[in-house]
Amino acid sequence: MLKHVYINKLSQHVGEEVTLKGWLYNKRASGKLKFLILRDGSGYCQCVVFKGNVSEEVFELSGSFSQESSFQVTGKVKEEARSVGGYELDVTDLKIISSAEEYPITPKDHGIEFLIDHRHLWLRSKRQVAIMKIRHRIVKAIRDFFDSRDFTLMDPPIITPNACEGTSTLFEMDYFDLGKAYLTQSGQLYGEAGAMALGKIYTFGPTFRAEKSKTRRHLTEFWMIEPEMAFYELEDNMDLAEEFLEYVVQSVLKDKQEELEVLGRDTSKLECVKRPFPRVSYDEAVEILKKNGVDFEWGNDFGGGDETIISNEFDRPVMVHRYPSAIKAFYMKRDPERDEVALAVDVLAPEGYGEIIGGSQREDNMDLLLERIKEHDLPQDFFEWYLDLRRYGSVPHSGFGLGLERLITWICGIEHIREAIPFPRMIYRNTP
RNA sequence: UCCACGAUAGCUCAAUCGGUAGAGCAUGCGGCUGUUAACCGCAGGGUCGUAGGUUCGAGUCCUACUCGUGGAGCCA
């Protein structure tokens, strides 16, 4: 057998005879000519079997196996403009590795229920492969961004004894003799401990929300990135968030054009994602809503529709800061010049994709933090370790949380968050 | 939890006013030397989500239930 090469490296082997290994994506035949589309995870290649070029057995074999059968094929690589990917294999030999049973996902349309039931197979389709490759590129950009700025990756626990923010519904479990425990809703409080130890950290891990949310923006299990920085105030936090988003989006644009094209993404919308991002206060955002005819009362949180109206005013992500403290978490520091608003910031993605980042400067004053814990009716004993961060050398600090799948959904320009994660966990679905 | 919509062949869907269950894809066989979700011909493939009801007659109308989809609230 000749050297096994991958489809995305075919350009280096033009004129050579090579062996490809993969799965049958689609096939067409025309008399003495057969076209087999092979996919190998790195790309797609049309393999042409001409009756005159192969043995009788190989010619018969090449038409006999079904979609998604695995096989290896040997032939000469040539440039071919008519062919997908620009290269083609003139087949001289072919061997079936495993003949597939009748494959459920055909090249025609399918409903979402059927596709998600077959998620393990759906991942093989061109569109899903493109999304997963972009997901990987985004994850790499996120890590590169923080790593190159001297952040330390610090993994928070997944099992926690209490609700982080005291509001969400959590997945509950029995934890031996210690009573109830919960799957984490956020690694943030632990991130703060990390920032006091390491200066600048980021967490990157799974997060769980048991709310019975049933929309295209929700998963019960998703991945969250939470940087936390000692000595950062709200403005520093916003500077970092916009630099971060610009870097991630531009990295994907630079390296994943082909995949974005498969998804039909309008990349001009992504080209706009450059600093500076618009920054509007909550007050100003409320004015935008009123200008657009929304009957909105100061003090409420924005709904999905409100976020869309606000983000439609801009061509790039918009940072909304200084929300009413009453609707924000207990640990957020209040504006010293205006107690009714918190030093919080949400980043709203363009095109109606909604909130992708939520962050704030944290309350660093021991007495005020204790007051907030009592106001929110939270069990103080669970937070003693967190209060220690204020007892022992408290400093101004800030951070934000980024929902990975929401970021992917926006960058890919896809309709529903379930396609942004390999195996989505949703309120009425936990299989496959 | 609430609101709306849906369930017919392996898949995607159609079936007029309540009157014999249809098509494309997929599968099998045959044809074609440049196909791009190939095309052409033939064939097989149905407990119309479940349980009741109305009717001479129900895929179609009514009731309940099950499952699913979209949205609201809540959130990243």
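Residue numbers start from 1 in every chain, and the chains themselves are labelled A, B, ... in the order their sequence lines are given, proteins ahead of strands. Predicted, not measured: the structure shown is a model, and the values here were computed from it.
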A.B. asks: Within the distance-only criterion (no hydrogens, no angle test), does the side chain of A/Ser69 pair as donor or acceptor with the backbone N or O of A/Phe65 below 3.5 angstrom?
C.D. replies: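 It does not hold such a pair.
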A.B. asks: Just how far, in rounded Å, is C1' of B/rC75 from CH2 of A/Trp223?
C.D. replies: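 The distance from CH2 of A/Trp223 to C1' of B/rC75 comes to 20 Å, rounded to the nearest Å.
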A.B. asks: Sticking with atom C1', work out how far B/rG10 lies from B/rU20, rounded to a whole angstrom.
C.D. replies: 25 Å
A.B. asks: Taking the six-membered ring of A/Phe71 as reference, does the cationic atom of A/Lys21 (NZ for Lys, CZ for Arg) lie under 6.0 Å from its centre and within 45° of its axis?
C.D. replies: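 No, a cation-pi geometry is absent between A/Lys21 and A/Phe71.
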A.B. asks: Could you measure between the two P atoms, the one in B/rG19 and the one in B/rU1, and give it in whole Å?
C.D. replies: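 The same atom, P, in both gives a distance of 39 Å.
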A.B. asks: Has A/Glu284 got a side-chain atom pairing as donor or acceptor with A/Ser281's backbone, closer than 3.5 angstrom?
C.D. replies: yes
A.B. asks: Taking pairing as Watson-Crick or G-U wobble with both contacts under 3.5 Å, can you name the mate of B/rU66, or confirm there isn't one?
C.D. replies: B/rA7
A.B. asks: Verify the stacking flag for A/Tyr103 against B/rA26: centroid separation must be under 5.5 angstrom and the ring planes must differ by under 30 degrees.
C.D. replies: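 Aromatic stack with B/rA26 absent for A/Tyr103.
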A.B. asks: With sugar-phosphate meaning primed atoms plus P, OP1 and OP2, does A/His118 contact a base, only sugar-phosphate, or nothing at under 4.0 Å between heavy atoms?
C.D. replies: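 Contact class for A/His118: none.
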A.B. asks: Using the C1' atom in both, what is the distance from B/rG46 to B/rU12, to the nearest Å?
C.D. replies: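 To the nearest whole Å, 16 Å.
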A.B. asks: How is A/Asn26 classified with respect to the nucleic acid when contacts are heavy atoms under 4.0 Å: base, sugar-phosphate, or nothing?
C.D. replies: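 Sugar-phosphate contact only.
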A.B. asks: Could you state the NZ-P distance from A/Lys27 to B/rU36, rounded to the nearest angstrom?
C.D. replies: 16 Å
A.B. asks: With a non-hydrogen cut-off below 4.0 angstrom, is A/Glu415 in contact with a base, only sugar-phosphate, or nothing?
C.D. replies: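 Touches nothing.
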A.B. asks: Could you give the distance separating B/rC13 and B/rC17 at their P atoms, to the nearest angstrom?
C.D. replies: 22 Å
A.B. asks: Using the P atom on both, measure B/rU60 against B/rG6 and round to a whole Å.
C.D. replies: 14 Å
A.B. asks: Report yes if a side-chain nitrogen or oxygen of A/Arg418 is closer than 4.0 Å to either non-bridging phosphate oxygen (OP1 or OP2) of B/rG70; otherwise report no.
C.D. replies: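 For B/rG70, OP1 or OP2 has a side-chain N or O of A/Arg418 closer than 4.0 Å.
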A.B. asks: Could you measure between the two C1' atoms, the one in B/rU63 and the one in B/rU54, and give it in whole Å?
C.D. replies: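 B/rU63 and B/rU54 have their C1' atoms separated by 11 Å.
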A.B. asks: Measure from the side-chain heavy atoms of A/Arg406 and tell me the nearest of B/rC74, B/rA76, B/rU36.
C.D. replies: B/rA76
A.B. asks: Side chain to side chain donor-acceptor pair (under 3.5 Å): which pairs involve residues 422-432 of chain A, sequence neighbours left out?
C.D. replies: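 Of all non-adjacent pairs touching residues 422-432 of chain A, those that pass side chain to side chain donor-acceptor pair (under 3.5 Å) are A/Asp117-A/Arg429.
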A.B. asks: Using a 4.0 Å heavy-atom cut-off to protein, can you give one letter per nucleotide of nucleotides 39-48 of chain B, 5' to 3': B if the base is in contact, S if only the sugar-phosphate is, - if neither?
C.D. replies: ----------
A.B. asks: If you measure from the C1' atom in B/rG34 to the same atom in B/rU69, how many Å do you get, rounded?
C.D. replies: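 Result for the C1' pair: 42 Å, nearest Å.
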